[in-house]
Amino acid sequence: MKTYSVFFYICYAVSLFVCMIVNLILEQQLSWFFIVLSGEMVAFTITSLPNLVKGENKQWIILGSFYISLNLLLLTSCIYTGGDWFFVTAVCLFFGFAFVVLPFLLRDLPLPSPFYQHKTVIYFTIMTILLLILVGTTMFYSGYRTEIISIGLPVTLVCVFPFWLMMFIIRYLHINSLWKTAICLFIIGVFSFGMNSVLMMLIHHQSFAFSPINLRVWNEYYLDGNIKVIIVSVFLSLSIALTIGGISLEIKKKSNI
């Protein structure tokens with residue numbers, strides 16, 4: 001392990017020294033060298049920092065260091081290129097980290113009794129809020145500032161609604177797992193068939209209408225609707241099969257009592 005650490009220390013030192021010299025020779029100042037420096041800080045948190053940090057909070061220190069160094073790399077690149085996009089990438093990065101890390105963080109947090117049993121709802125609530133912030137930030141940066149409330153907010157809420165619905169079914173509905181899966185597949189099928197129609201109504205203010213369907217004709221006009229019918233048929237068939245399997249499972253449970 002010591003040889004492993006020394007090897008990376010030498011690689012980092014040599015590469016930084018060479019980049020600093022080259023940057024000074026070419027531009028008589030340090031400019032893109034800071035991008036290299038912040039990039040190596042990101043690499044350092046992955047390759048070398050785990051060998052230096054000890055204790056029960058080791059994983060959180062490493063993740064925090066990686067997150068901070070990655071933001072520093074993005075900030076350095078933004079400043080060097082004269083851009084104004086750092087805040088957008090910072091929000092995106094925070095959302096991504098929260099999406100992956102928050103479940104483990106909530107698992108380790110000593111929450112009081114009323115909240116301890118509902119960590120999944122807490123996670124979904126936080127991620128929904130962060131998603132709304134992410135959508136609002138990207139729309140604001142892209143110039144769609146007046147459409148954030150009228151389009152961005154309702155579209156985002158409609159898109160996350162089926163995930164909330166399935167979460168409540170899986171977490172709080174006290175039925176066997178086959179029935180839970182059947183209900184979730186049914187929800188996926190229904191939303192996959194009608195979601196585009198709802199989004200077109202919200203975004204383009206069109207009247208609600210399903211895509212035209214004609215399984216005998218597969219031209220451009222009917223293609224979308226025909227594909228959706230096939231997708232819905234598959235999900236509904238699986239849902240029915242799992243429902244029957246759930247009934248069989250319940251019968252077996254009662255016969256074993």
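Because only heavy atoms are used, hydrogens play no part in the values below, and waters and symmetry mates are left out as well, while side chains stay in. The structure presented is a predicted model; accordingly, all values stated were derived computationally and were not measured.
Judged purely by atom type and a 3.5 angstrom limit, Asn23 uses its side chain to pair as donor or acceptor with the backbone of Phe33. Listed for the Gln117 side chain is no donor-acceptor partner under 3.5 Å among the backbone atoms of Pro114. Proximity of a side-chain donor or acceptor of Asn226 to a complementary backbone N or O of Val217 within less than 3.5 Å is detected.
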Using the rule given for side-chain contact (heavy atoms from CB on, under 4.5 Å), can you reason through Leu37 versus Met20, listing the C-alpha separation, both sets of side-chain angles and the distance that settles it, and then say yes or no? CA-CA 9 Å; Leu37 176 61; Met20 181 180 67; over 6 Å; no
Candidate pair Tyr67 and Thr45, rule side-chain hydrogen bond (donor to acceptor under 3.5 Å, both in side chains), full reasoning: CA-CA 9 Å; Tyr67 173 76; Thr45 60; over 6 Å; no
Using side-chain contact (heavy atoms from CB on, under 4.5 Å), reason through Cys159 and Leu199 one step at a time and then give a plain yes or no. CA-CA 9 Å; Cys159 290; Leu199 294 181; 4.2 Å; yes
Could you go through Trp164 and Leu157, starting from their C-alpha distance and side-chain angles, then the distance that decides it, and tell me whether this counts as side-chain contact (heavy atoms from CB on, under 4.5 Å)? CA-CA 10 Å; Trp164 271 90; Leu157 292 177; over 6 Å; no
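Sparse packing is recorded around CZ of Phe17, with 12 or fewer heavy atoms of other residues, nucleotides or ligands lying under 6.0 Å away. Counting heavy atoms of neighbouring residues, nucleotides and ligands inside a 6.0 Å radius, atom OH of Tyr123 exceeds 12 of them.
With contacts defined as side-chain heavy-atom distances shorter than 4.5 Å, the pair Phe104/Trp60 qualifies. Side chains of Val91 and Phe95 form no contact here, defined as non-hydrogen atoms less than 4.5 Å apart. The shortest distance between side-chain heavy atoms of Tyr9 and Phe44 falls below 4.5 Å. At a threshold of 4.5 Å between non-hydrogen side-chain atoms, the residues Leu173 and Phe168 do not count as touching. For the pair Val36/Ser15, no side-chain contact is recorded, criterion being any heavy-atom separation below 4.5 Å from C-beta on. Counting heavy atoms from C-beta on, the side chains of Tyr116 and Pro112 never come closer than 4.5 Å. The shortest side-chain heavy-atom distance between Ile183 and Met166 does not fall under the 4.5 Å cut-off. Within the 4.5 Å cutoff, side-chain heavy atoms of Trp179 are placed close to those of Ile247.
Residues that satisfy the side-chain contact (heavy atoms from CB on, under 4.5 Å) test with Phe186, not counting sequence neighbours, are Val190, Leu236, Ser239. Residues passing the salt bridge (Lys or Arg N to Asp or Glu O under 4.0 Å) test with Lys228 are Asp224, sequence neighbours excluded.
To the nearest 0.5 Å, atoms CE (Met200) and CD (Gln206) are separated by 4.0 Å. Distance NZ/Lys119 to CG/Leu105: 9.0 Å, rounded to 0.5 Å. Taking CD1 of Ile170 as the reference point, atom OG1 of Thr181 lies at 7.5 Å (rounded to 0.5 Å). To the nearest 0.5 angstrom, Met127 atom CE is 10.0 Å from Phe124 atom CZ. Rounding to the nearest 0.5 Å places CD1 of Ile35 at 10.5 Å from CG of Leu75. Distance check, rounded to the nearest 0.5 Å: CG of Asn71 to OG of Ser38 gives 11.0 Å.
The two residues Leu111 and Ile122 come nearest to each other via the heavy atoms CD1-CD1, 3.9 Å. Considering all non-hydrogen atoms of both residues, Ser197 and Ala209 come closest at OG-O, 2.8 Å.
In the model, Tyr172 has a side-chain atom that pairs as donor or acceptor with a side-chain atom of His118 under 3.5 Å. Side-chain contact check for Ser211 and Tyr222: no donor-acceptor pair (N or O, by modelled atom type) lies under 3.5 Å.
Note on ring orientation: taking the six-membered ring where Trp is involved, the planes of Phe208 and Phe210 are perpendicular (angle over 60°, cut-offs 30° and 60°).
Sorted by first and then second residue, the side chain to side chain donor-acceptor pair (under 3.5 Å) pairs involving residues 77-101 (not counting sequence neighbours) are Asp84-Tyr141.
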